[in-house]
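Below, chain A is the first sequence line, B the second, and so on; all start at residue 1.
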2 protein chains.
Amino acid sequence: MVSVMRSLYHPPVDQITVEGILHAFSDPIRIEIFANLAMAECAKNCSTFLTIHKQQLPKSTLSQHFRILREAGLIRSERKGVELVNVTRCAELKQRFGPMVQGIVEAYAAQQKAKKKK
Amino acid sequence: MVSVMRSLYHPPVDQITVEGILHAFSDPIRIEIFANLAMAECAKNCSTFLTIHKQQLPKSTLSQHFRILREAGLIRSERKGVELVNVTRCAELKQRFGPMVQGIVEAYAAQQKAKKKK
DNA sequence: TCCTTAGTTCTGAAATATAGAACTATTGAA
DNA sequence: TTCAATAGTTCTATATTTCAGAACTAAGGA
């Protein structure tokens with residue numbers, strides 16, 4: 001069985017769609033990853049998120065989630081040696097979609113913060 | 001086979017979640033319905049949306065989409081005679097989640113408007 | 001060269017969504 | 001009152017999508 005590891009596809013900003021973004025955000029794991037990246041000081045590799053919401057994720061599942069975020073145009077992933085480091089495309093997204101993405105991240109972050117307090 | 005038509009469930013505003021909203025918005029038909037309702041002057045019944053994005057929807061499918069929007073806390077549906085009229089819960093949503101929902105609707109509307117022009 | 005770490009791809013199983021058919025609910029006319 | 005019409009829901013089988021284990025690729029050391 002021959003399989004080639006395709007290189008990472010990032011859509012150009014003008015091909016990103018609202019539907020694509022909303023689909024990518026529809027999974028609780030993906031919104032958690034994205035919000036975390038959006039609020040992080042620096043890029044993070046995929047394995048950072050192997051534990052999420054107190055559950056352990058198989059790395060194949062995590063890999064799919066990153067691919068979906070990437071192909072929706074939400075994140076940019078770059079190989080750095082043996083790992084993949086990820087950052088959000090927030091600046092481009094703001095340019096194209098206004099405050100939508102930031103609004104989502106902020107609402108999510110506020111909700112999670114409130115949840116913790118209880 | 002006995003089946004009872006359960007009455008419409010609307011979650012109280014404090015039980016609405018960001019994840020629930022994002023899941024409801026993840027379907028192109030549902031975001032279209034919601035954006036349309038959000039920009040409408042008045043309530044609309046479900047059948048208004050039997051044709052959407054130039055495709056004909058079976059009413060069973062449409063009914064499911066409305067149920068998902070309703071149970072995510074995005075819309076309020078009320079029986080008016082033989083039909084069901086729907087409005088968004090935008091005011092409550094803004095209260096709880098800030099500009100998130102409006103940001104999504106506006107980005108979607110802008111995208112659709114730009115698409116038409118081409 | 002071989003080992004280790006990081007992530008991807010493949011694939012069958014599990015979960016979700018779709019849509020036709022049969023149903024309920026309400027109204028209005030005969 | 002019954003009957004027909006309209007609007008929407010529920011049931012259920014099928015189709016689609018997602019999940020996760022196993023096998024793989026890719027890069028960096030020892």
Distance in angstrom units between [X] [atom1] and [N] [atom2], rounded:
{"X": "Leu8(A)", "N": "dT25(D)", "atom1": "CG", "atom2": "C1'", "value": "13 Å"}
{"X": "Lys80(A)", "N": "dA26(D)", "atom1": "NZ", "atom2": "C1'", "value": "17 Å"}
{"X": "Lys44(A)", "N": "dA6(C)", "atom1": "NZ", "atom2": "P", "value": "16 Å"}
{"X": "Ile68(B)", "N": "dG8(D)", "atom1": "CD1", "atom2": "P", "value": "17 Å"}
{"X": "Leu62(A)", "N": "dG21(D)", "atom1": "CG", "atom2": "C1'", "value": "15 Å"}
{"X": "His65(A)", "N": "dA6(C)", "atom1": "NE2", "atom2": "C1'", "value": "17 Å"}
{"X": "Lys59(A)", "N": "dA23(D)", "atom1": "NZ", "atom2": "C1'", "value": "10 Å"}
{"X": "Ile33(A)", "N": "dG7(C)", "atom1": "CD1", "atom2": "C1'", "value": "13 Å"}

CD1-OG1 distance between Ile33(A) and Thr88(A), expressed to the nearest 0.5 angstrom: 13.5 Å

Gap separating the NE2 atom of His23(A) from the NE2 atom of His23(B), nearest 0.5 angstrom: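 Answer rounded to 0.5 Å: 9.0 Å.
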
Side-chain heavy-atom pair Leu22(B), Tyr108(A) within 4.5 angstrom cut-off: no

Looking at [options], which one has an atom nearest to any side-chain atom of [X]?
{"X": "Ser47(A)", "options": "dC19(D), dA6(C), dA25(C)", "result": "dA6(C)"}
{"X": "Thr61(A)", "options": "dA17(C), dG20(C), dA20(D)", "result": "dA20(D)"}
{"X": "Glu83(A)", "options": "dG7(C), dT26(C), dA7(D)", "result": "dG7(C)"}

Donor-acceptor pair, side chain of Arg96(A) and main chain of Ile16(A), under 3.5 angstrom: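 A pair under 3.5 Å: yes.
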
Do Asn86(B) side-chain atoms and Lys44(B) backbone N/O form a donor-acceptor pair below 3.5 Å?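 Yes, the answer is positive, given that a donor and an acceptor are paired below the 3.5 Å cut-off.
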
Whichever of Gln64(A) and Val82(A) has the more 5' nearest nucleotide on DNA chain C, that residue is Val82(A)

Has the side chain of Ser60(B) got a donor or acceptor that lies under 3.5 Å from a partner of the other kind on the base of dG20(C)?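 Between dG20(C) and Ser60(B), which were checked side chain against base, a qualifying N/O pair under 3.5 Å is present.
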
Hey, which of these two, Asn45(B) or His23(A), hits DNA chain D nearer its 5' end, going by closest nucleotide?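 This one resolves to Asn45(B).
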
In terms of the nearest nucleotide of DNA chain D, which residue is placed more toward the 5' end: Gly81(A) or Pro58(A)?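 Between the two, 5'-proximity favours Pro58(A).
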
Is Arg70(A) touching bases, backbone alone, or none of the nucleic acid, heavy atoms closer than 4.0 Å?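 It contacts sugar-phosphate atoms only.
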
